[in-house]
Every structure is written in C-alpha cells, then in structure tokens.
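First up is the structure itself, then whatever we jot down about it.
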Amino acid sequence: MAVSDLEKLLLKKAKAGDEASFEQLLTGVKSKAYNIALRYLRDPEDAMDALQESFIKVFRYLRQFNEESSFDTWVYRIVVNCCNDMLRKNSKLQTVDNFDSEEDAGAFVLNLPDSGPTPEESLIRSEQMKTLLDCLEKIGPEYKEAIVLRDIQGFSYQEIGEMLDCSIGTVKSRINRARLKLREKIREQSG
C-alpha cells in the first residue's frame, strides 16, 4: 500500500519536527498497534511497554521511513519486532495466562450480559481460548506471528508481507503451515 496524500503531508511535517503532525500520525495507528502487542504478549502492561518502545523507535527512525509502504504498516512491523524482542529477552512473557486463577475466570463469567451464553458455555469457551493461546505459544514465533496478524488482527496478505518483509507467497505458505501446526498442537493437547 502506498502512502496517501494526507499521510505524505503529515510525514513531511513530522520529519521536519512538527510534533502535532507526528501525534496525528500515531493517533491513527495507536489502537490497532496496542491490540497487536496485546495479542503477542498477552499482558496489558507488557503490551503498553512494547507500544511505548515502538513509538520511540518510530520517532527515532521516522526520517528513514521511505514511504514505499503505508505508515501504519511500517509502524505495525516495528510493533511486531518489539514484541518479538521482548519475548526473546524475557521468556516468562511466553507463559503468561489470561486466567491465572479461578477468581479471574469467575469475574469473566459474572460480567457477561444476560443475553449471552450461560456460565457453563462461557467457561468452556474460556478454556478453549486458553487452550488455543497455549498451543499458539508452542508453534514457533514465525508461525504465531502469521496467525496473529492474519486470523486475529485481520491484515491482508499484502500488509503482512510488508510488515514481515517477505513475499505474498511466503506469507500464504507460512499461514498455511501455522494453521496446520496449530491444529496438530490442539489435537495433542485435547487428545
């Protein structure tokens, strides 16, 4: 994806030191960037740390951004790289559970609206999600990356290719292998 005219103008001003333009650029990507970090790291505080570190890098390297891809794709790639760096540096982040205690799971179930699933259905769904997330941690970082970006965040193959600096064919192949590996891990864990 190419950079839009508005992005070009904001980038030009931001590269010249205009803080308001820089903040406007970040405002457009902040929410999705945080969600990417949260899916990777599975902890809100760690996700916020990764987001802050990513935005520092965006600021530091903004002048080097060549505008061949869209600004948001470039930022999301930096977020993915920061998350991977954090996971490599701190292996405990890979084992963080969304539901660390019965108390957490109970709070999740109690906050459901009346029209939603029953508590039993919610518990089953949360256990399935925990199983899925646990298995996602076991398939390897490049496969996890592919699943998170495509199936959880909904990026196109082209956007993922730009973020990961690889061809669309490689992206499709990686996603296919990731899905197969994930299915295999889920079968192993449930069987």
- Task: Enumerate the residue pairs fulfilling salt bridge (charged side-chain N to carboxylate O under 4.0 Å, His left out) with a member in residues 163-173, sequence neighbours excluded, ordered by first and then second residue.
- Result: Arg77-Asp165
- Got a sec, which pairs hit salt bridge (charged side-chain N to carboxylate O under 4.0 Å, His left out) with one end in residues 50-64, sequence neighbours left out? Glu53-Lys57, Lys57-Asp85
ILVMFWY cluster, [X] and [Y] together (side-chain gap under 4.5 Å):
| X | Y | answer |
| --- | --- | --- |
| Ile168 | Ile160 | yes |
| Leu6 | Phe65 | yes |
| Ile56 | Tyr34 | no |
| Leu9 | Leu26 | no |
| Ile186 | Ile152 | yes |

- Note on the structure: With sequence neighbours left out, the residues meeting ring pair (Phe, Tyr, Trp, His ring centres under 6.0 Å) with Phe155 are Tyr76
- Item | Partner residues of Phe55 under the ring pair (Phe, Tyr, Trp, His ring centres under 6.0 Å) criterion, sequence neighbours left out | none
Interatomic distance, [X] atom [atom1] to [Y] atom [atom2] [nearest 0.5 angstrom]:
| X | Y | atom1 | atom2 | value |
| --- | --- | --- | --- | --- |
| Ile78 | Thr73 | CD1 | OG1 | 11.5 Å |
| Arg150 | Ser156 | CZ | OG | 7.0 Å |
| Leu149 | Ile175 | CG | CD1 | 8.0 Å |
| Cys82 | Ile36 | SG | CD1 | 12.0 Å |
| Glu159 | Leu164 | CD | CG | 11.5 Å |

Heavy-atom pair of closest approach, residues [X] and [Y]:
| X | Y | answer |
| --- | --- | --- |
| Ile147 | Arg179 | CD1-CG, 3.6 Å |
| Val79 | Ser54 | CA-OG, 3.3 Å |
| Cys166 | Val171 | SG-CG2, 3.6 Å |
| Leu51 | Ala33 | CD1-CB, 3.5 Å |

Sequence neighbours excluded, which residues qualify as side chain to side chain contact (heavy atoms under 4.5 Å, CB included) partners of [X]?
| X | result |
| --- | --- |
| Pro141 | none |
| Asp49 | Asp46, Gln52, Met86 |
| Thr131 | Cys135, Gln189 |
| Ser173 | Arg177 |

- Message: For Lys30, I'd like to know if atom NZ has over 12 heavy atoms of other residues, nucleotides or ligands within 6.0 Å.
- Response: no
- Task: For Lys185, check salt bridge (Lys or Arg N to Asp or Glu O under 4.0 Å) against everything at least two apart and list the hits.
- Result: Glu188
- Message: Taking salt bridge (Lys or Arg N to Asp or Glu O under 4.0 Å) as the definition, give me every residue that meets it alongside Arg183, ordered by chain and number, with sequence neighbours left out.
- Response: none
- Task: Show your reasoning for whether side chain to side chain contact (heavy atoms under 4.5 Å, CB included) applies to Trp74 and Val29.
- Result: CA-CA 10 Å; Trp74 181 67; Val29 298; over 6 Å; no
In residues 17-25, what donor-acceptor pairs under 3.5 Å come from side-chain atoms, sequence neighbours left out?
residue, atom, partner, partner atom, Å
Asp18, OD2, Ser21, N, 3.4
Asp18, OD2, Ser21, OG, 2.5

- Only pairs at least two apart or in different chains count here, so list each ring pair (Phe, Tyr, Trp, His ring centres under 6.0 Å) that has a residue in residues 125-144. none
- Item | Worked verdict on Lys8 versus Glu67 for salt bridge (Lys or Arg N to Asp or Glu O under 4.0 Å) | CA-CA 8 Å; Lys8 284 181 184 178; Glu67 301 178 29; 5.9 Å; no
Could you check if a side-chain atom of [X] sits within less than 4.5 angstrom of a side-chain atom of [Y], using non-hydrogen atoms only?
| X | Y | result |
| --- | --- | --- |
| Leu182 | Leu132 | yes |
| Lys144 | Leu87 | yes |
| Leu136 | Val148 | yes |
| Lys32 | Asp72 | no |
| Leu38 | Pro44 | yes |

- Query: Without hydrogens or angle criteria, can the side chains of Asn84 and Glu145 be said to hold a donor-acceptor pair below 3.5 Å?
  - Reply: yes
- Query: Can you list the steps and then say if Lys138 with Lys181 is a side chain to side chain contact (heavy atoms under 4.5 Å, CB included)?
  - Reply: CA-CA 9 Å; Lys138 296 175 184 173; Lys181 285 185 174 291; over 6 Å; no
